[in-house]
Amino acid sequence: MKDTRPVPTLAPPINAWFHANARDLPWRRDGFSAWGTLVSEFMLQQTPVNRVIPKLEAWLERWPTPAALASVPASEAVRAWATLGYPRRALWLHAAAVQIDERHGGEVPDDVDELLALTGVGDYTARAVAAFAYGHRHPVVDTNTRRVIARAVAGQAEPAPPSRTRDLEAMEALLPDDRGEAAAFNAAIMELGAVVCAAKSPRCDVCPIRNVCAWRAAGYPAYDGPRKAMQKKYEGSDRQVRGLIMAELRSTHRPVTDAEVVSLWSDAAQRDRALAGLLADGLAVPAPSGGYLLPG
DNA sequence: CATACGTGGTG
DNA sequence: TCACCAAGTAT
């Protein structure tokens with residue numbers, strides 16, 4: 001059957017650029033495990049590369065396999081996660097390790113649907129593991145990919161709000177047929193978005209596709225779509241209170257008492273919301289003797 | 001589909 | 001100083 005997909009003109013120059021300019025990152029080393037890829041992708045969800053690298057290396061040294069992580073209580077995962085942020089990810093990664101142990105004989109699955117069934121694994125992570133760890137030909141779409149496509153293909157400064165179907169189709173249309181080239185391109189376009197086609201100060205002077213970029217051709221029009229929701233201030237937020245309580249829970253193996261929680265934040269209503277949220281999320285559990293502990 | 005969810009770096 | 005950003009997911 002004739003292939004009617006658009007010719008992927010972006011992949012060759014981006015892959016060539018990637019081959020020559022890719023950063024030397026742990027998850028790009030030869031022999032890096034599928035488990036390592038899964039752990040790295042969990043950590044990279046909303047946390048910058050430079051903060052992830054040392055935590056990832058320590059994590060894999062301590063827990064080199066899913067079974068190793070599954071064999072310790074979730075509390076140890078949360079402690080090791082430390083200040084990476086969004087500590088639910090540590091809980092989810094621990095749960096995923098248990099599921100991999102139980103359902104997949106301790107081997108990280110290579111099937112997108114099986115990956116999606118793991119706790120904390122969504123569209124991006126499932127496809128990233130299938131493509132990067134196993135070389136499968138799937139479109140992988142993250143925030144960098146969406147920005148590069150918005151600029152180079154659609155000629156817009158910023159992408160439209162995420163749409164799973166549209167985003168996957170747009171990436172599929174650019175993806176090379178060859179499995180190896182496709183896997184490389186998934187990583188290459190993300191890298192281009194991260195270090196050249198950056199959100200703030202794009203370095204168009206060194207961009208390998210500046211000559212075919214629709215945004216450049218259109219004269220770099222400013223973003224005119226709907227304003228993205230402003231990120232709320234962290235200082236004084238419920239998130240900050242949760243963070244304070246989590247830091248206290250991580251700092252000890254003894255129960256954190258109600259009095260200690262009170263000492264962390266003066267506003268009672270906010271304190272109660274934060275604590276209730278942590279209990280609901282399973283990041284804290286009531287201790288039999290009173291007070292609160294990390295789970296497991 | 002909008003919102004909650006941590007933490008730290010940057011211009 | 002402060003708004004924005006950083007390889008998302010679950011609800």
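Being a predicted model, the structure only gives us computed values, none of them experimental. Reckoned from all heavy atoms, side chains included, excluding hydrogens, waters and symmetry mates. Just so it is clear: chains get the letters A, B, ... in the order the sequence lines come, proteins before strands, and each one is counted from 1.
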Footprint string (nucleotides 6-11 of chain C, 5' to 3'): B base within contact, S backbone only, - free, heavy atoms under 4.0 Å: BBBSS-

Heavy-atom neighbours of A/E57 CD exceed 12 at 6.0 Å: yes

Greater than 12 external heavy atoms within 6.0 Å of A/R203's CZ: no

5′-ward residue of the pair A/S201/A/A229 relative to DNA chain B: A/A229

Which part of the nucleic acid does [X] contact within heavy-atom distance under 4.0 Å: base, sugar-phosphate only, or nothing?
{"X": "A/Y234", "answer": "base"}
{"X": "A/M230", "answer": "sugar-phosphate"}
{"X": "A/K232", "answer": "sugar-phosphate"}
{"X": "A/P162", "answer": "nothing"}

Quote, to the nearest angstrom, the [atom1] distance that separates [N] from [M].
{"N": "B/dA4", "M": "C/dA7", "atom1": "P", "value": "22 Å"}
{"N": "B/dT3", "M": "C/dC4", "atom1": "P", "value": "15 Å"}
{"N": "B/dG8", "M": "C/dT1", "atom1": "C1'", "value": "16 Å"}
{"N": "C/dC5", "M": "B/dG6", "atom1": "C1'", "value": "14 Å"}

Under 3.5 Å: donor-acceptor pair, side chain of A/R51, backbone of A/T83: yes

Under 3.5 Å: donor-acceptor pair, side chain of A/R210, backbone of A/C207: yes

Donor-acceptor side-chain pairing of A/E41 and A/Y124 below 3.5 angstrom: yes

Min side-chain heavy-atom separation A/L192-A/I209 under 4.5 Å: yes

Starting at [atom1] of [X] and ending at [atom2] of [N], how long is that distance when rounded to a whole Å?
{"X": "A/L283", "N": "B/dG6", "atom1": "CG", "atom2": "C1'", "result": "11 Å"}
{"X": "A/Q240", "N": "B/dG6", "atom1": "CD", "atom2": "C1'", "result": "10 Å"}
{"X": "A/N50", "N": "B/dT10", "atom1": "CG", "atom2": "C1'", "result": "13 Å"}

Distance test, side-chain N/O of A/S237 to OP1/OP2 of B/dG6, below 4.0 Å: no

Under-4.0 Å salt bridge between A/E172 and A/R137: yes

